[in-house]
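Comments concern the structure below.
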Amino acid sequence: MNSATAIAFMRRLRAGLDSGLELPDAISRGATALPRDARETLNRIVDRMEGDYTEDEWGFDEEFTELVEPFFAFLYETWWRVKVEGAERVPAHGRALLTANHAGILPWDATMISLALLREHPLPRNPRFLVLNWAFDLPWVSSGMRKVGGVVASPFNAMRLLEQDHLVAVFPEGVKGTGKPYSERYRLQRFGRGGFVEIALRTGAPIVPVAVVGSEEIYPKLADLPWVARLIGAPYFPVTPTFPLLGPLGVIPLPSKWRIEFLDPIETASYGPEAAEDRTLVLELSERVRDQIQQALYANLVKRGPAFI
Amino acid sequence: MAGRRVLITGVGSHVGSLLAQRLERDPDVEHVAGLDTRGPKVDLDRTEYIRADIRDPEIGRLIPATEVDTIVHEQIVRQPGPRMSPPAMHDVNVIGTLQLLAACERVPTLRTIVVRGSAGIYGAEPHAPQFFREEMAQLFPQRTRFQRDVAEIENYFETYARRHPGVSCTMLRYQPAIGPGLRTQITRYLSQPVCPTYMGFDPRIQLVDIEDALEALVAAVRNPVRGAVNVAGPGTIGLGRMIRLAGRRALPIASPLFGAVTSAGQQLGLDSQSEDFQRLLRYGRGVDTRRLTDEVGYTPRHSTAQAVETWAHQARAAA
């Protein structure tokens with residue numbers, strides 16, 4: 001947008017406000033001075049100001065997701081240079097449970113998995129992901145998260161989403177995964193008690209193991225200050241090369257190189273929903289998924305080479 | 001089904017009056033009685049109005065005389081009005097329920113009790129599942145006075161139901177209702193010039209349209225189900241979007257200052273919010289309504305967004 005159009009826009013906006021129009025109407029009037037694509041974006045923002053947009057019952061807001069896409073696209077293409085393998089293995093329709101390794105306090109890996117599917121899958125779909133609970137205590141993070149498809153990590157949420165035939169991403173490592181020190185990176189933690197397998201069995205959803213390489217270098221955790229964590233109510237308080245040294249800037253993730261590999265789905269429907277009670281089977285399947293992700297992590301680490309260049 | 005005799009407690013409330021009117025038109029309902037200290041808000045043709053205070057042991061004599069087979073308990077106060085203290089609200093809710101149940105013991109014809117309870121029992125929690133199911137009432141600690149009231153009421157009804165297997169008790173857990181003419185916390189909140197919100201929080205709110213609220217009560221009277229049933233419109237709506245649909249503006253306030261700013265606003269004549277409502281504004285709440293659809297057999301017709309739009313449209317027309 002050159003400065004002449006910007007000035008024309010501001011003039012009309014001011015004229016509109018002076019003549020007693022409400023802000024949204026005044027912006028629409030100002031927008032007539034703009035080129036077509038800028039006008040369309042602006043009109044969408046105006047519609048949002050009047051509540052004219054949709055959210056589904058989970059609070060997922062597809063239009064908001066599209067509006068913030070350029071930011072994540074920058075991270076995807078330029079910052080982390082994400083390479084994707086096997087996106088076509090994710091079922092194109094119906095329910096499925098994506099199961100990935102997890103690192104870092106903010107769920108960047110979840111957003112990159114979403115973007116990988118939107119870009120590389122022949123029939124793109126927005127996955128929903130289960131986010132560590134305490135993100136929902138935080139201002140802005142909580143509302144941003146739900147708008148792009150995050151939900152509280154509760155088995156009830158996962159079940160309901162799968163029953164509605166959504167694609168759901170879970171990180172069974174949970175807090176143990178996000179809190180591991182840099183020296184332990186890419187070594188998978190215990191997969192809880194296999195709750196994700198129970199959910200898959202109950203709903204008959206196939207499990208798609210996902211290996212994410214790169215996410216475990218973005219916040220290299222060198223030490224932990226448990227007493228600070230207790231003070232602010234976080235599960236842990238990481239010390240990284242930039243945090244808390246640089247203050248809020250320390251939240252900027254390091255530009256590591258990423259690879260995301262989707263593995264072959266593990267079918268669960270044939271076991272039947274009652275199999276969810278079978279502890280042996282649940283733990284066995286959980287271990288199988290964990291093992292596959294671990295192998296894929298090692299393979300992709302070799303393929304990627306050095307972490308940052 | 002035919003020849004039902006129904007008593008409504010709290011018939012002087014908006015929903016109570018409309019319910020009486022709705023049941024009067026129902027050919028299967030032979031007799032409607034309404035109990036309250038205030039008269040009904042609409043003109044009723046054949047409702048027998050009983051002026052009595054539900055806290056008064058006198059109702060132990062008045063209710064059996066009506067020989068009803070169904071009682072709809074509607075007298076649960078959700079927020080104390082201007083002339084009601086919080087302890088008085090607790091009295092109406094808890095002591096009122098106790099007196100009512102004591103009176104029920106003396107009604108041999110009684111077969112059905114339907115309670116218009118509240119989904120407030122679940123609270124509003126950041127870590128809650130997005131949709132509470134009926135069995136999740138105990139998932140989180142009870143934090144507010146109203147929540148404890150509702151839990152106590154439910155407890156009394158459960159005990160009563162256990163001891164009287166012949167009477168089916170339906171506990172309807174309502175999300176906040178909205179609709180033309182209805183004055184509740186939510187409509188008062190949306191009628192303010194600006195709506196205070198927690199900065200950085202945009203919780204999911206779920207409401208029920210007044211029409212659906214009534215029809216769900218009628219459906220529960222016709223087809224009583226034992227235990228708790230959630231009542232809400234399909235879908236949820238972000239608080240920010242709800243305020244915009246109502247044609248209002250949000251006033252974001254940093255969380256630590258919210259209480260101070262809203263109580264200052266109260267001095268200036270703005271509306272005050274109960275503790276429950278404040279938590280709702282911060283964390284929101286959704287409930288699962290499958291039991292209402294599958295077992296009671298009623299599917300709410302108005303989504304939360306539609307209910308807000310209908311209300312806002314009517315409020316604008318009235319202004």
Side-chain angles (χ1 to χ4, degrees), chain A residues 22-25 45-64 128-164 166 168 174-175 195 199 233-235, chain B residues 122 124-136 139-140 190 195 197-206 232-250 252-258 282-290 303-306 308-309 312:
Chain A
E22 288 276 318
L23 185 64
D25 293 332
I45 293 171
V46 168
D47 285 347
R48 292 186 70 83
M49 285 170 75
E50 289 175 340
D52 186 8
Y53 57 97
T54 53
E55 302 154 309
D56 72 1
E57 62 168 21
W58 299 91
F60 172 69
D61 180 344
E62 193 166 3
E63 202 176 78
F64 177 86
R128 308 305 172 90
F129 38 93
L130 267 60
V131 183
L132 268 188
N133 287 353
W134 75 287
F136 288 92
D137 294 326
L138 305 173
W140 293 290
V141 179
S142 59
S143 56
M145 209 77 94
R146 78 147 168 83
K147 284 182 190 181
V148 300
V151 299
V152 170
S154 145
F156 304 111
N157 281 340
M159 300 264 292
R160 190 182 168 102
L161 279 167
L162 288 171
E163 281 162 13
Q164 294 171 350
H166 281 293
V168 181
V175 187
I199 290 163
Chain B
Y122 301 115
E125 299 282 340
H127 303 171
Q130 253 76 342
F131 295 90
F132 281 101
R133 305 195 60 160
E134 283 81 357
E135 64 272 18
M136 297 181 195
L139 219 51
F140 297 96
L190 290 176
C195 306
T197 60
Y198 284 90
M199 191 183 282
F201 287 89
D202 189 21
R204 293 159 52 253
I205 306 283
Q206 189 181 31
T236 62
I237 176 172
L239 178 64
R241 187 169 162 233
M242 178 168 94
I243 293 172
R244 283 171 206 154
L245 284 179
R248 300 288 153 180
R249 222 162 271 174
I253 301 169
S255 312
L257 303 175
F258 192 87
R282 184 159 178 177
Y283 300 121
R285 173 176 64 232
V287 299
D288 181 302
T289 54
R290 276 179 275 190
S303 73
T304 300
Q306 286 166 340
V308 173
E309 279 174 314

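Since the model is a prediction, treat every value here as computed from it, not as a measurement. Every chain is numbered from 1, with letters handed out A, B, ... down the list of sequences.
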What part of [X] gets within 4.5 angstrom of chain A, counting heavy atoms only: side chain, backbone, both, or neither?
X	result
B:R133	neither
B:I243	neither
B:M136	side chain
B:A305	neither
B:R290	side chain

Grab the two heavy atoms, one from [X] and one from [Y], that are nearest each other, plus how far apart they are.
X	Y	answer
A:S143	B:G200	OG-O, 3.4 Å
B:P126	A:F136	O-CB, 3.5 Å
A:S142	B:F201	OG-CD2, 3.6 Å

Under-4.0 Å salt bridge between B:R241 and A:D61: no

Donor-acceptor contact present, side-chain A:R146 to main-chain B:D202, <3.5 Å: yes

When you measure from the side chain of A:N157 to the backbone N and O of B:Q130, does any donor-acceptor pair fall under 3.5 Å? yes

A:E62 atom CD: more than 12 heavy-atom contacts under 6.0 Å: no

CG on A:D56 to CD1 on B:I237, rounded to 0.5 Å: 12.5 Å

To the nearest 0.5 angstrom, please state how far the CG atom of A:L132 sits from the NE2 atom of B:H127. 9.5 Å

Can the positive tip of A:R160 be found less than 6.0 Å from the middle of the six-membered ring of B:F131, inside 45° of the ring normal? yes

